Amino acid sequence: MWSAGRGRAAGAALLGLLLALSVPGSGAAKTGAGVVTCGSVLKLFNTQHRVRLHSHDVKYGSGSGQQSVTGVEASDDANSYWRIRSGSEGGCPRGSPVRCGQAVRLTHVLTGKNLHTHHFPSPLSNNQEVSAFGEDGEGDDLDLWIVRCSGKHWEREAAVRFQHVGTSVFLSVTGEQYGSPIRGQHEVHGMPSANTHNTWKAMEGIFIKPSVDPSAGHDEL
């Protein structure tokens, strides 16, 4: 069912990135409330199943054969960091607050692949497969996700949803767990409806300080 892919020596690059952003005066913040901003590196926590969005250099043995995306319970796994990037040319300058309804790319820091979905069945639940795709952050239009949230901007303390631009599914977890070689990790997939299985919160990470003062708003999740 699974095939192991070639490893990438990106751990040092991730560590260097996090250390650089942590230096005083670098324009980054690690704690406290506020908005999620473009360029931030974070972990995403599914509030229903209490797992973090995760990927690694292990490919699906069925469906697309692309790099797998799962959910893990551990909070300290370096394979769970994602960078918030623009969904269009110039559409997400570093430090700009992410707007509710904005399309973004989520790039897996350690492998450089983008969160992706397409019309393949997921391995366990037969929902829509979610994978990691591309090279060095360069993928295609199926890497775009709309941030669905209440208010004007994505607040770090708020639950949000990610709806895929190309197929309209929501990034979801429903509890199915894999066996070897990734025993205990949860299947991540796309579901057609908004429900409790597809709410996420920003967790551990390095958050770029806002470059503008975000204002409040009241849109629906």
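None of the values given here were measured: they were computed from a predicted structure.
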Using a distance-only test with no angle check, is there a side-chain donor-acceptor pair under 3.5 angstrom linking [X] and [Y]?
X	Y	value
Glu204	Ser75	no
Thr117	Gln128	yes
His118	Thr167	no
His54	Ser80	yes

For the side chain of [X] and the backbone of [Y], is there at least one donor-acceptor N/O pair under 3.5 Å apart?
X	Y	value
Lys113	Ser131	no
His108	His56	no
Arg83	Arg105	no
Thr70	Glu187	no
Thr37	Ile208	yes
Asn79	Asp77	no
Ser96	Cys38	no
Trp145	Leu115	yes
Asn114	Gly137	yes

Exercise. Picking from Trp82, Trp154, Phe170, what satisfies ring pair (Phe, Tyr, Trp, His ring centres under 6.0 Å) with Phe162?
Worked result: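 Among Trp82, Trp154, Phe170, the one that satisfies the ring pair (Phe, Tyr, Trp, His ring centres under 6.0 Å) with Phe162 is Trp154.
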
For this session: Can you run down the disulfide (SG to SG under 2.5 Å) pairs that involve residues 39-86, sequence neighbours left out, and say none if there aren't any?
Result: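 For residues 39-86, and leaving out neighbouring residues, there are no disulfide (SG to SG under 2.5 Å) pairs at all.
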
For this session: Tell me whether the guanidinium CZ or amine NZ of Arg156 lies under 6.0 angstrom from the six-membered ring centre of Phe207 and within 45° of its axis.
Result: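 Flagged: Arg156 positioned over aromatic ring of Phe207.
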
Exercise. Excluding sequence neighbours, so at least two apart, what forms side chain to side chain donor-acceptor pair (under 3.5 Å) with Ser64?
Worked result: Glu129

To the closest 0.5 Å, what do you measure between [atom1] ([X]) and [atom2] ([Y])?
X	Y	atom1	atom2	result
Ser40	Tyr81	OG	OH	12.5 Å
Asp140	Phe133	CG	CZ	4.5 Å
His186	Ser125	NE2	OG	13.0 Å

